[in-house]
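Lettering of chains follows the sequences in order, A, B, ..., and the numbering in each one begins at 1. Note that the structure is a prediction, hence the values are computed from the model and not measured.
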Protein chains: 4
Amino acid sequence: MYEAREDRHAASSPIGRPRNHRADPAIPRAAVTVLGESGFQGLTVEQVARRAGAGRATVYRRRHTKEEMIIGALDALMADFDVEPSGDLHEDLFAMTRWLRDALLNAPEGRLLPHLAAQAAGDPNFPSSHMDTWVCPWHDAVEAVFVRGRTDGLVRQDVNLSAVVDLLAGVVILRLYLGHGKPLTDEQIQEMIEAVLGGVLL
Amino acid sequence: MYEAREDRHAASSPIGRPRNHRADPAIPRAAVTVLGESGFQGLTVEQVARRAGAGRATVYRRRHTKEEMIIGALDALMADFDVEPSGDLHEDLFAMTRWLRDALLNAPEGRLLPHLAAQAAGDPNFPSSHMDTWVCPWHDAVEAVFVRGRTDGLVRQDVNLSAVVDLLAGVVILRLYLGHGKPLTDEQIQEMIEAVLGGVLL
Amino acid sequence: MYEAREDRHAASSPIGRPRNHRADPAIPRAAVTVLGESGFQGLTVEQVARRAGAGRATVYRRRHTKEEMIIGALDALMADFDVEPSGDLHEDLFAMTRWLRDALLNAPEGRLLPHLAAQAAGDPNFPSSHMDTWVCPWHDAVEAVFVRGRTDGLVRQDVNLSAVVDLLAGVVILRLYLGHGKPLTDEQIQEMIEAVLGGVLL
Amino acid sequence: MYEAREDRHAASSPIGRPRNHRADPAIPRAAVTVLGESGFQGLTVEQVARRAGAGRATVYRRRHTKEEMIIGALDALMADFDVEPSGDLHEDLFAMTRWLRDALLNAPEGRLLPHLAAQAAGDPNFPSSHMDTWVCPWHDAVEAVFVRGRTDGLVRQDVNLSAVVDLLAGVVILRLYLGHGKPLTDEQIQEMIEAVLGGVLL
DNA sequence: CGTTAATCGAGACGGTACGTCGTGTCTTGTG
DNA sequence: CACAAGACACGACGTACCGTCTCGATTAACG
C-alpha cells in the first residue's frame with residue numbers, strides 16, 4: 001500500500017494503452033469537491049470516480065484510499081502559505097499563527113486534517129512522508145522568523161527553536177479540535193505568543 | 001441527537017417498559033472492548049450489541065453513533081489520572097505530561113481521541129460537554145501544579161496559567177498525531193517543559 | 001394455538017380485571033381495514049393494534065395470528081350470502097355463481113381467501129373449522145337449489161349433488177386465482193352451468 | 001418490475017461486466033431447495049443467495065421476490081407431466097386428474113401454488129405469462145383426451161372442452177386448498193369424472 | 001373497604017430479515 | 001495494456017416487526 005507506481009512510467013515503454021494522465025490530478029480534485037459536499041463519511045470511491053469522470057477501477061489502480069485522495073489537497077493548502085515576514089518578530093508570529101488557525105478552520109482542505117490524523121493513528125503504514133511534511137512550509141517559515149530574531153540578537157541561543165514552533169502549532173490545533181468548538185481568538189493567540197516568547201527572548 | 005433522555009425518567013412515569021439501565025453502561029464498555037480487538041474501522045454495531053448482550057435496536061435506541069459509544073470510555077480514562085503531585089514543579093510537570101502521552105499512546109481508550117476529534121470537527125452538535133471536559137482532570141491537575149508554584153513564589157503573577165497548560169497539552173497531541181508516528185520522547189518532554197517554564201518562572 | 005379460550009369466562013370466577021370485550025370485535029375489524037389499505041404483506045400486528053386502539057399484547061393475548069384476525073371477516077362475508085332462490089334452476093345457479101365470483105372478486109374480505117388458503121396449505125394446525133365451513137352457506141344454498149330441482153323431477157337421482165356444487169365452486173375459484181386475472185365472465189358462467197347440468201339433468 | 005431485461009443482452013453490447021448467467025437458474029433452484037427445508041415463511045433471501053452461491057445483491061438485481069424465485073420451479077413441475085394417454089377416456093382422465101392432485105399435494109414445487117396464487121391476487125403486475133401457462137401442459141393433455149374422445153365419436157360436438165377441463169382442474173384445487181386438508185380421494189375423483197362426463201358423452 | 005389478581009395502554013427488550021449501499025475484484029468490449 | 005461500465009461476493013447499515021417482558025394504571029370480585 002501507499003507505494004508509488006510512478007516508476008512504471010519511467011521505464012522504457014509499458015506496452016499497452018498508456019494511462020490517462022488527465023485522470024491523475026482529477027481524482028484528488030474530485031475528492032475534495034465531493035468532500036466539501038458530503039463530508040468525510042459520505043466520501044465514496046464511487047462518487048469520486050463519477051465526479052472525476054473515471055471508472056472505479058481507475059481510482060483503485062492508482063491505489064487511492066480515501067486518505068491518499070486528499071493528502072495531496074492538504075499539501076497543496078500548506079503550500080499556499082503566503083505570509084511574508086515583515087521582520088517584526090511579534091507581528092510575524094501573530095500573522096503566521098493566525099493564518100494557520102484560519103486555514104485549518106475555514107479552508108475545505110484544512111478541515112480534513114483531523115480525519116487524516118485519525119486515520120494515521122493506528123495505521124503505521126499511513127503515508128508518513130505526507131504527515132511528516134504537511135506542516136513543513138508553515139513550520140519552516142515560523143522557525144525562520146525565530147532564526148531571524150536570533151540573528152537580530154533578540155532570541156536566546158540555547159533554545160530549540162523547532163520545539164518552540166511546535167508549541168505554537170500544538171496549541172492552535174488543540175484548541176481547534178479539542179477546544180469545544182472555540183478556536184483561539186486573536187487575543188488568545190497573542191497571549192500564547194507572549195507566553196512562548198517569555199522563555200525565548202533574551 | 002445527543003439530547004439527554006434522562007428527564008423522562010425523572011418525570012412521573014414515562015409509560016411503557018422502562019429502559020434497561022444495565023445496558024446503558026454495558027454498551028460503551030463493549031464498544032471499547034471490540035475496539036481494542038477490531039480497530040475503529042472494524043467496529044460494528046452488531047459486534048458491540050452482541051458483546052453487550054443487547055439487540056441492535058437497543059443500541060440504536062440510545063442514539064449511539066460509533067463516537068458516542070466511546071465518549072464515556074474516554075472520560076473514564078481521564079478520570080483515571082492518578083499522578084500525585086510531589087511538590088517539585090519540574091518533576092510534577094514531567095510526570096504528568098508523560099502520563100498524558102502514555103495514556104493517549106497506549107490505552108485503548110486513549111487511541112480513540114483522534115477519532116472523536118475528527119467526528120467533532122464537522123459536527124457542531126457533537127456532545128460538546130464531553131469534548132469540553134475530557135482533558136479537565138489532567139488540565140486542572142497541571143494548572144494546580146503551576147498555581148502551587150506561584151504560591152511558592154516560583155511563578156510569575158502575570159501569566160495565564162491555563163494557557164500555559166494548553167501549550168504543553170497541545171505539543172503532546174501535535175507530536176502524537178501529526179508527528180510522523182514519533183511521539184515526544186522523555187527528553188523532548190523535558191525540553192518542552194524547559195521552554196514553557198522559561199516564560200513562566202520568575 | 002388456535003384453541004378457544006372462551007372457557008375461562010364460562011368458568012366460575014375469572015378474578016382480576018375482566019377482558020375488554022369492546023376490543024374483541026374491534027381487532028378483526030381493524031385487521032380488515034388495514035388490510036384494505038396496506039395489503040396482506042403490509043398487515044402487521046402493530047398496525048392492527050393501533051387501529052383497534054389496543055396494545056400489541058392485547059392482540060396476542062387473544063392469540064390472533066394474521067390469519068385468525070381475518071378468518072372471522074371471511075365467515076361474515078359468506079354469511080352475507082343473500083341470493084333468494086327464485087325456483088328456476090338455471091336462473092338460481094347463475095345468480096348464485098355470479099354472487100360467489102363477485103364476492104371473492106370485489107369484497108375486501110373476499111380477496112383474503114387466497115391468502116388464507118396459502119396459509120392453510122402448509123399448516124395442518126390451521127383452524128380447520130373455519131376452512132371447513134367458509135363456503136357452507138353458499139354450498140348449502142346451491143345444493144338446495146339442486147335438491148329442489150330433484151324434487152321437481154328435473155335432476156337425476158344418482159348424482160352426488162354436493163360434488164356437483166364443488167365443480168361449480170372450483171371452476172369459479174380456478175379462474176379467479178389461476179386464470180391470468182380474467183375471472184369467469186357471465187357468459188362463461190352460463191357455459192359452465194350448461195356443462196354441469198348436462199350430466200345432472202334427466 | 002417483472003420487466004424482461006434480456007433485450008439489453010440481445011442489443012449490441014450492454015457494456016459493463018455481463019450478468020452471470022449461471023446464477024439465473026441457480027437462484028430458483030436454490031429457492032425451492034430452501035423452501036423444502038424451511039417452508040415458505042422461513043424462506044429468506046439470505047439463505048437462497050447462500051445456497052445459490054451468490055450474493056444478496058445478485059438476487060435483488062434479478063428483481064426476484066419470493067414468488068418470482070419459484071415461478072420457474074412450478075413451470076418445471078408442470079412440464080414434468082408425463083401421463084401417456086392410453087386411449088381409454090375414463091382411464092386417461094382418471095390418471096391425469098390423479099397426477100394433478102398428487103403433484104400439487106406432494107411435490108415441493110406443487111405446494112407453492114397457493115402462495116403464488118395469493119401473491120398474484122391483488123398484484124395485477126404479477127408475471128401473468130407464468131400464471132397463464134402453468135397449467136397448460138396438463139390442460140392441453142386433458143383436452144387432447146377429450147378431443148380424441150370426440151374423434152372416436154364418444155363426445156358431443158357442442159361442448160366447450162376447455163371449459164370442461166377447467167371444471168376438473170377446479171374441483172381438484174378447491175378440495176386441495178379449501179377442503180379442510182382432505183384432498184379428493186381416488187373414489188371422489190372417479191365421481192367427479194362421472195359427473196363431468198355425464199354432460200359430455202353422447 | 002382494602003386486598004388481590006388479571007387486564008389494559010404503552011413501549012423497551014433480544015432477535016432477525018429486510019432492501020440499500022459501499023467495498024475491492026472481476027470481466028466484458030473498445031481504444 | 002488502460003480505460004468505462006457495471007456485475008460480482010461480501011458484509012455493514014439503519015429500519016421495521018416479531019413475540020415477550022415489564023412498567024403504572026385500571027377494574028373487578030373476594031375477604
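Residue contacts for G16(B): at a heavy-atom cut-off of 4.0 Å it reaches a base atom on one of the strands shown. Heavy atoms of A23(A) sit nowhere under 4.0 angstrom from any nucleic acid atom. A54(C) comes within 4.0 angstrom of the backbone, heavy atoms only, and of no base.
One atom, CZ of R63(B), and another, P of dC13(F), lie 14 Å apart when rounded to the nearest Å. Going from atom CZ of R19(D) over to atom P of dA5(F) covers 18 Å, rounded to whole Å. Distance CZ (F40(D)) to C1' (dA17(E)): 14 Å, rounded to an integer number of Å. Atom CZ of R62(A) and atom P of dG24(E) are 17 Å apart (whole Å). A straight line from CD1 of I15(D) to C1' of dT28(E) spans 10 Å, rounded to a whole angstrom. Atom CZ of R56(C) is separated from atom P of dA10(E) by 11 Å (rounded to the nearest Å). Atom-to-atom, OH of Y60(B) to C1' of dA12(E) comes out at 17 Å; the value is rounded to the nearest Å. As rounded to whole Å, 12 Å separates atom P of dT7(E) from atom CG of D24(C).
Put simply, the side chain of R17(D) and the base of dC26(E) share a donor and an acceptor less than 3.5 Å apart.
Under the side chain to side chain contact (heavy atoms under 4.5 Å, CB included) test applied with E109(D), the options I70(D), I71(D), V32(D) reduce to a single match, V32(D).
Residue A57(A) is the one, among T44(C) and A57(A), whose nearest nucleotide of DNA chain F lies closer to the 5' end (criterion: closest heavy atom). The nearest heavy atom of DNA chain E to L43(D) and to E46(A) marks one nucleotide each, and the one closer to the 5' end goes with L43(D). Annotation: of the two residues near DNA chain E, R50(C) and Q47(D), the 5′-most nearest-nucleotide partner is R50(C).
Side-chain N or O atoms of T44(C) include one that pairs as donor or acceptor with a backbone N or O of Q47(C) at under 3.5 Å.
In this structure, the nucleotide among dC18(F), dG19(E), dG14(E) sitting nearest to the side chain of N20(B) is dG14(E).
The two residues L74(D) and L113(D) have their closest heavy-atom pair at CD2-CD1, 3.8 Å.
Side-chain N/O atoms of T58(B) include none lying less than 4.0 angstrom from OP1 or OP2 on dA12(E).
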Is there a side-chain contact (heavy atoms from CB on, under 4.5 Å) between M69(B) and V45(B)? Walk through the geometry before answering.
CA-CA 10 Å; M69(B) 287 181 206; V45(B) 175; 4.1 Å; yes
Would you sort out whether Q41(A) and Q119(B) count as a side-chain contact (heavy atoms from CB on, under 4.5 Å), showing the intermediate values?
CA-CA 9 Å; Q41(A) 295 285 11; Q119(B) 193 59 26; 3.7 Å; yes
